[in-house]
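Each residue takes its place number in the sequence, starting with 1.
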Amino acid sequence: CSSDLRVGAEMPSTWWEKLTEIRRVSMLLNPKTQVRNVAANVPLAVERKAAERLSGAIQDMLVKWGALDKQDQTRTLRVSRESRALAESLYAENREMLAGSADKWDMNGMLRQYRRYFGGSKPGQAMDAVRQFTYDLLEKGDTPFVRSAFLDNAAQYIEAQGYTSLDQVPQKVVDHAAQQAMEATFKDACALASWLNGIKRRGGAAGGAADIILPFTTTPVNILRRTVDYSPAGAVQALLDFRAGRRTDAADDIARALTGTGAILIGMLLAKYGLATGAADGDKDKAALDRATGESPYSLGGRVSYEWAQPVGTQLAMGARIWDAVKDQEEVSDALLNVLYAGGDTLMDMTILSNLKDLLKGYGSPTETVGETLIQGFAGQMTPSLFGAVARTLDGTVRTSYTGGGAWDNAKKYIERGNHGGKGSEQHKAAVVGDTVGDPFKDTSGPSLNILIKLCSTVSIVFSGLILAFSLL
């Protein structure tokens with residue numbers, strides 16, 4: 001550590017690196033960020049424990065049926081106090097190693113941990129002290145969850161193999177428990193995060209753009225990975241691992257997939273009883289009205305954003321969207337796409353991805369914008385005559401310049417939800433009259449104006465060439 005400290009202190013830093021560190025500290029030192037860092041770990045810890053117990057039961061059955069060798073078993077359903085005590089001793093021996101293996105906040109290796117970005121002056125030393133305090137504070141918030149995951153995994157492994165003393169516990173148990181602890185707190189290394197961090201380190205226009213759009217890399221990438229792991233998609237990885245002979249990994253994969261599916265079902269139930277919300281209404285006026293009246297999209301009770309519970313929040317959002325699809329009797333294909341859009345949009349709502357979300361803003365949700373752009377753009381560019389028609393067919397969105405009568409219809413729906421007296425009240429009678437007038441108004445005036453606008457645009461495009469060719473202006 002002393003050599004790391006010396007080398008890190010001597011490494012020069014560019015003005016861009018200084019600005020980047022100031023920006024990160026400003027974001028991370030926010031009390032809201034500190035609270036969210038702890039709060040987001042709680043629901044995942046519950047989900048993780050459930051998945052590990054389920055995987056233990058699956059591995060017990062595989063061993064009983066002869067499909068898994070006992071010596072390969074890493075989990076078991078029941079854990080004794082003796083195994084738990086051994087895991088505690090194992091954690092005490094490896095506590096410093098676990099604290100030094102974090103790469104959650106893009107601290108690129110051990111040298112970066114000891115770097116002095118702001119020089120040896122007193123203001124520079126103060127800035128470096130604040131920076132280090134910020135990262136240390138975040139690590140302290142993660143420590144209870146790292147410890148819990150390490151103990152749970154080590155104890156299961158020790159119990160499954162029947163170890164009775166620390167001398168019998170091999171290094172592979174420590175490695176397995178440490179890896180699971182890093183995954184539980186989004187600190188594990190992955191190829192995508194390493195690639196993105198490599199772009200940042202190389203600097204230049206690409207590195208600067210990556211730093212601006214994604215100030216943090218490892219955490220959002222790993223949240224996305226955990227979201228996929230704890231979803232029905234995890235069953236695909238389970239099948240691949242099983243076919244490759246990795247039976248214990250397959251048991252973990254299927255347990256996570258089933259647990260995540262259970263969280264999606266909980267989201268459906270919450271939405272059914274009005275305790276969770278899905279995507280915003282397609283009508284902008286209605287969506288604005290919902291937000292103004294405490295019915296924010298992707299939230300619990302219309303007020304608490306799912307961002308506070310990622311990645312479990314994404315599962316709840318997908319469940320709520322499934323309930324909306326069932327309630328509205330959507331087509332299966334549309335429902336599946338909308339559920340994926342809901343999951344993607346919930347991830348985009350994270351503060352650390354706010355710049356990426358702003359970059360992708362357009363008509364509809366950010367995820368929908370990306371999906372439609374990729375699908376329709378690819379189809380349209382392959383063969384314009386054939387695939388252009390396919391692309392237009394895929395785009396079922398009606399784009400109109402005017403939706404005047406829709407506001408009256410939304411007002412009636414709002415009152416029917418129990419506001420301003422509800423159904424049967426004088427306000428409701430007035431809203432019914434407004435809706436009666438608004439429907440034909442919306443169906444006639446809006447489309448007519450839309451056609452007029454398109455006609456004017458077409459004529460102007462046609463005649464602009466003539467005007468330029470003959471110098472009419």
Side-chain angles (χ1 to χ4, degrees), residues 41 44-102 142-190 222 225-226 229-230 234-235 237-260:
N41 280 319
L44 181 62
V46 175
E47 196 170 50
R48 172 188 63 77
K49 287 175 177 289
E52 288 169 358
R53 288 300 182 91
L54 180 57
S55 177
I58 293 173
Q59 290 191 37
D60 285 341
M61 289 189 293
L62 290 176
V63 170
K64 184 177 180 180
W65 296 339
L68 176 67
D69 291 337
K70 179 66 177 178
Q71 63 182 5
D72 295 329
Q73 188 176 4
T74 59
R75 300 190 190 281
T76 185
L77 179 59
R78 292 184 175 85
V79 177
S80 66
R81 292 182 179 178
E82 291 76 14
S83 295
R84 187 76 180 180
L86 282 178
E88 291 274 6
S89 300
L90 207 61
Y91 174 77
E93 289 184 356
N94 293 275
R95 181 181 301 156
E96 290 186 8
M97 178 272 293
L98 290 169
S101 61
D142 284 337
T143 297
F145 301 98
V146 171
R147 179 180 181 275
S148 175
F150 183 92
L151 290 178
D152 290 341
N153 283 274
Q156 279 193 310
Y157 207 141
I158 290 169
E159 183 73 23
Q161 293 301 318
Y163 301 130
T164 57
S165 68
L166 280 180
D167 295 336
Q168 295 178 330
V169 179
Q171 182 61 34
K172 65 179 181 179
V173 176
V174 177
D175 295 340
H176 169 78
Q179 175 63 24
Q180 296 300 314
M182 295 300 102
E183 290 185 9
T185 49
F186 316 116
K187 300 178 183 179
D188 51 313
C190 72
N222 281 329
R225 292 173 65 202
R226 297 298 93 77
D229 291 342
Y230 287 90
Q237 185 61 45
L239 179 61
L240 294 175
D241 282 337
F242 191 84
R243 292 184 62 181
R246 298 186 293 267
R247 303 295 171 84
T248 55
D249 290 340
D252 285 346
D253 294 334
I254 197 66
R256 289 176 176 178
L258 290 172
T259 306

For [X] versus [Y], what's the shortest heavy-atom pair and its separation?
X      : Y      : result
Gln59  : Ala251 : CG-CB, 3.8 Å
Ala250 : Ala238 : CB-O, 3.5 Å
Val79  : Ala155 : CG1-CB, 3.7 Å
Ala51  : Ala255 : O-CB, 3.3 Å
Ser55  : Arg75  : OG-CD, 3.5 Å
Ala257 : Ala235 : CB-N, 3.7 Å

When you compare the side chain of [Y] with that of [X], does any pair of heavy atoms fall below 4.5 Å?
X      : Y      : answer
Asn153 : Arg48  : yes
Thr74  : Gln156 : no
Leu86  : Leu166 : yes
Phe186 : Leu44  : yes

Listed once per pair and sorted, the ring-ring contact (aromatic ring centres under 6.0 Å, His included) pairs that draw on residues 67-96, sequence neighbours left out: Tyr91-Phe150
With [X] via side-chain hydrogen bond (donor to acceptor under 3.5 Å, both in side chains) - residues at least two apart:
X      : answer
Gln171 : Asp175
Thr259 : none
Arg84  : Asp152
Asp60  : Gln73, Thr76

State whether the number of non-hydrogen atoms from other residues, nucleotides or ligands found under 6.0 Å of [X] atom [atom1] is greater than 12.
X      : atom1 : value
Arg53  : CZ    : no
Lys64  : NZ    : no
Phe242 : CZ    : no

Partners passing side chain to side chain contact (heavy atoms under 4.5 Å, CB included) against [X] (at least two apart in sequence or in another chain):
X      : result
Pro144 : none
Asn94  : Leu90, Met97, Val174
Leu258 : Leu54, Ile254

For the atom pair [atom1] ([X]) and [atom2] ([Y]), what is the distance rounded to the nearest 0.5 Å?
X      : Y      : atom1 : atom2 : value
Asn222 : Met182 : CG    : CE    : 11.0 Å
Gln180 : Glu52  : CD    : CD    : 6.5 Å
Asp72  : Gln161 : CG    : CD    : 8.0 Å
Asp241 : Asp253 : CG    : CG    : 4.5 Å

Basic-acidic side-chain contact under 4.0 Å: Arg226, Asp229: yes
Salt bridge present between Asp69 and Arg247 (N-O < 4.0 angstrom): no
Please list, chain by chain and in numerical order, all residues satisfying salt bridge (charged side-chain N to carboxylate O under 4.0 Å, His left out) with [X], sequence neighbours excluded.
X      : answer
Arg225 : Asp188
Glu159 : none
Glu93  : none

Listed partners of Tyr157 passing ring-ring contact (aromatic ring centres under 6.0 Å, His included), at least two apart: His176
